[in-house]
Amino acid sequence: VVDVGDGSGSASLTVLERLLPQVQFVRLNDRKLYDANSSHTADPSSQANMQDLMSEMKKGGYDAGFAFDSDADRVLAVDEKGKYLNGSLYGSAIVDVFAKLGIADTAIGYAVDCGPALYNTVTATGKPFSIVPIPVGRSIIRGMVMEQTLDVGVENVGHFYIKDFFMTDSGGLFPGSDSLLANY
């Protein structure tokens, strides 16, 4: 289930549907265009704003739930039972996947507001990841990923930056990146 928020992530979700035809997506709050008059607040860093998604997940039959913010540059999740997962836990899942895929020598930066969960996950993998605490600030982490000082950047509020996928932001593909879909 994906709470699209105020519509900006609608096109990105359509891309995911094309890339992952084996996955069934259910959309919530998908107005396709931003609506400033909507009663729905699209800020996944607040559990109060995740109630539509958590309620849908609690009905059962879904594997995961995700929610975008208004411009779809942040995403957070709930588990299959509707339990809220903050950015630190979500970032920890990314690290766990990297470890299982054998990806190593990766520099992972995290905003200090993530707390110890992400750091503990990185050190528990036994993989040669480096973990870098960074003062809270999207521009700091984003800049470090762009400069390739970091391979991955995580913020508790739902910003996740991966150097290999830095062509997208704010829920849309930059001009010229449509070639990514040429084979799908």
Side-chain angles (χ1 to χ4, degrees), residues 1-103 114 117-118 121 152-184:
V1 178
V2 180
D3 186 334
V4 181
D6 290 322
S8 297
S10 185
S12 293
L13 186 54
T14 299
V15 170
L16 284 175
E17 289 170 331
R18 290 173 60 191
L19 293 172
L20 302 169
Q22 71 278 18
V23 177
Q24 179 184 354
F25 292 93
V26 174
R27 295 173 182 236
L28 297 177
N29 298 308
D30 188 1
R31 288 176 286 284
K32 298 187 179 24
L33 295 172
Y34 178 73
D35 179 1
N37 297 315
S38 169
S39 61
H40 176 71
T41 303
D43 176 4
S45 65
S46 168
Q47 288 187 48
N49 298 330
M50 299 278 278
Q51 291 305 311
D52 290 351
L53 179 60
M54 291 190 295
S55 294
E56 187 65 27
M57 292 300 296
K58 288 176 182 176
K59 292 178 184 176
Y62 304 110
D63 296 312
F66 300 93
F68 289 121
D69 72 338
S70 294
D71 65 352
D73 72 339
R74 291 187 295 136
V75 64
L76 288 175
V78 299
D79 69 11
E80 70 280 2
K81 295 182 180 182
K83 181 181 174 192
Y84 181 77
L85 303 174
N86 63 28
S88 185
L89 294 173
Y90 198 8
S92 296
I94 292 170
V95 169
D96 191 43
V97 168
F98 283 3
K100 288 178 180 171
L101 291 173
I103 297 170
C114 284
L118 187 60
T121 298
V152 177
V154 176
E155 290 184 315
N156 204 41
V157 296
H159 285 122
F160 302 93
Y161 301 108
I162 301 174
K163 71 176 182 180
D164 296 334
F165 298 100
F166 220 69
M167 295 184 310
T168 62
D169 190 30
S170 297
L173 298 176
F174 286 154
S177 63
D178 290 340
S179 61
L180 290 172
L181 298 178
N183 296 322
Y184 297 96

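The first residue in the sequence is number 1, and the count goes up from there.
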Pairs satisfying side chain to side chain donor-acceptor pair (under 3.5 Å), at least one member in [range], at least two apart:
| range | result |
| --- | --- |
| residues 91-100 | Ser92-Thr121, Asp96-Lys100 |
| residues 55-65 | Glu56-Lys59, Glu56-Tyr62 |
| residues 75-86 | none |

Supply the atom-to-atom distance [X] [atom1] to [Y] [atom2], rounded to the nearest 0.5 angstrom.
| X | Y | atom1 | atom2 | result |
| --- | --- | --- | --- | --- |
| Glu155 | Leu118 | CD | CG | 12.0 Å |
| Asp69 | Ser46 | CG | OG | 12.5 Å |
| Gln47 | Leu76 | CD | CG | 10.0 Å |

Which heavy atom in [X] sits nearest to a heavy atom in [Y], and how many Å separate them?
| X | Y | value |
| --- | --- | --- |
| Met57 | Val1 | SD-CG2, 3.8 Å |
| Val78 | Met50 | CG1-CE, 3.9 Å |
| Val154 | Gly87 | CG1-O, 3.7 Å |
| Val2 | Phe25 | CG2-CD2, 3.9 Å |

query = Would a distance-only check, ignoring hydrogens and angles, find a side-chain to backbone donor-acceptor pair under 3.5 Å from Arg31 to Gly5?
reply = yes

task = Please check if the side chain of Arg74 supplies one atom and the backbone of Val157 the other of a donor-acceptor pair under 3.5 Å.
result = yes

task = State which residues pass side chain to side chain donor-acceptor pair (under 3.5 Å) with Asp3; sequence neighbours excluded, sorted by chain then number.
result = Asn29, His40

task = Output every pair passing salt bridge (Lys or Arg N to Asp or Glu O under 4.0 Å) with a member in residues 19-29, not counting sequence neighbours, ordered by first then second residue.
result = Glu17-Arg27, Arg27-Asp30

inquiry  = Phe160: which residues meet the ring pair (Phe, Tyr, Trp, His ring centres under 6.0 Å) condition with it, sequence neighbours left out?
reply    = Tyr90

